[in-house]
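Indexing begins at 1, ligand by ligand and atom by atom, following the structure's order.
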Amino acid sequence: MKSKQYILGVLTALLFASCSNDEKVVLKYADEGDSGNPNPITQTLKEKAKFKIGAAVKMKDLQNEANYKNAVLKHYNQITAEFEMKMASIWTSSTAYNYTAADYLVGFAQDNKMEVHGHTLVWYDSFPEWFKKAQYDSIAFEAKVKVYITDVVGRYKGKVKSWDVVNEVFADGGAMRNETVINSLFKDPIGFYGRCFRYAKAADPDAKLFYNDYSVVLDAGKRASIKKMVARFKANGVPIDGLGDQFHYATDTNRQTMKTGFTDLASTGLLIHISELDIKVNTGKSDSYVFNDVENQKQAETYKYITTMYEELPQTQKFAISTWGVTDKYTWLTSFWHSKEYPLLLDADYNKKPAYQGFLDGLK
Ligand code: G3I
């Protein structure tokens with residue numbers, strides 16, 4: 001049986017090999033085991049990449065599902081807490097922190113020689129309700145945020161090697177988000193954010209400090225505002241080390257726009273983090289969408305395009321590529337996007353998808 005499979009595999013491979021490199025189709029591989037595939041995937045993401053390969057994880061999934069935990073350990077060497085290291089999870093009252101989940105995740109990473117990317121210290125969307133209700137003035141507000149940053153970064157000093165200090169302060173097009181508590185209190189929100197970077201640096205001088213946002217490489221206005229903030233920070237000695245673009249994109253995201261924006265982002269000279277990578281396929285949000293081989297192939301080629309683009313960075317600017325989740329089974333998009341989605345590299349049964357091979361193919 002195996003010889004027939006092998007011959008079929010070889011013929012298939014020869015058929016695809018005859019395509020020009022650009023149209024090279026990514027074969028849909030099964031997972032490990034002697035499936036007779038002519039060239040089964042053997043290297044994992046973290047084995048091939050010359051930079052960290054991260055994933056957003058949740059404590060309860062690591063605790064409750066062995067396949068999930070094994071997949072994290074097998075494919076990744078960095079983790080980001082999907083929500084447990086945000087203010088809303090840790091800062092439970094004006095007099096108390098709840099570090100349980102954050103401690104678990106940092107401990108898991110330490111036990112398994114993985115890095116942790118801290119996400120995120122200051123995000124308008126994650127201020128705890130009690131904090132917002134307190135209606136502090138700007139002096140008290142900043143004093144409390146400073147204590148929070150000092151306490152949290154200090155607790156994980158030397159263990160959390162990098163932080164998203166500030167997340168998503170610009171609206172589409174690049175104007176300041178005006179619906180945030182920060183904008184209502186500070187005439188110069190960027191000045192406040194710069195001081196937050198300084199508080200984090202004081203708490204852990206060795207941690208790499210990032211600004212993180214979405215659609216950065218697609219939205220020229222937002223990117224211009226980010227670059228202007230970076231220039232101001234650099235001119236004033238604000239300690240910023242890197243920029244994250246979340247890369248919540250899709251198979252139909254314009255690749256030239258992506259590449260032009262990525263090159264512009266890299267021109268800052270900072271570390272570049274693809275921080276929340278997932279590639280939507282059901283771009284029409286159709287209830288009757290079928291994730292067939294053609295769709296798998298489009299997704300694989302999109303992942304390959306992105307990792308190929310990332311590899312064109314100078315090595316000194318490569319930091320990590322992190323996927324926003326481990327398996328399609330638990331993607332945030334199911335609840336947020338309200339449609340069937342299959343955005344990640346492992347399917348709901350933790351098998352490698354063609355997207356996994358596409359990701360690998362783009363790596364040098
Ligand atoms: O697990 C608890 C559950 O025990 C509890 O009963 C329930 C009640 O509130 O909450 C559950 O936690 C939720 C968590 O997701 C896990 O599902 C939180 O409420 C919910 O706020 C949290 O949403 C996260 C969201 O950020 C807000 O923190 C999403 O998982 C996460 O994917 C999303 O990630 C953001 C990035 O941080 C920033 N970039 C955009 C990205 C997607 O929105």
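A search for ring pair (Phe, Tyr, Trp, His ring centres under 6.0 Å) contacts involving Trp130 returns Trp91, not counting sequence neighbours. In this structure, Arg198 has no salt bridge (charged side-chain N to carboxylate O under 4.0 Å, His left out) partners at least two apart in sequence or on a different chain.
For NZ of Lys48, the number of neighbouring non-hydrogen atoms (other residues, nucleotides, ligands) closer than 6.0 Å is greater than 12.
The pair Lys298-Glu301 does not count as a salt bridge, with every side-chain nitrogen at least 4.0 angstrom from each carboxylate oxygen.
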Inset, instruction - Apply salt bridge (charged side-chain N to carboxylate O under 4.0 Å, His left out) to Arg223 and Asp245, showing your working. - result: CA-CA 10 Å; Arg223 192 167 62 249; Asp245 182 342; over 6 Å; no

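Judged as a ring-ring contact (aromatic ring centres under 6.0 Å, His included), the pairs with a partner in residues 293-316 (not counting sequence neighbours) are, in order, Phe51-Tyr310.
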What does the contact table look like for ligand 1 (nitrogen or oxygen on each side, cut-off under 3.5 Å)?
from, atom 1, to, atom 2, distance (Å)
ligand 1, 26 (O), Lys86, NZ, 2.8
ligand 1, 28 (O), Lys86, NZ, 2.7
ligand 1, 30 (O), Glu82, OE2, 3.4
ligand 1, 32 (O), Glu82, OE2, 2.6
ligand 1, 32 (O), Trp324, NE1, 3.0
ligand 1, 34 (O), Trp324, NE1, 3.4
ligand 1, 37 (O), Lys86, NZ, 2.6
ligand 1, 37 (O), His119, NE2, 2.7
ligand 1, 39 (N), Glu168, OE2, 3.1
ligand 1, 39 (N), Gln246, OE1, 3.1
ligand 1, 39 (N), Gln246, NE2, 3.3
ligand 1, 39 (N), Glu276, OE1, 2.8
ligand 1, 39 (N), Glu276, OE2, 3.2

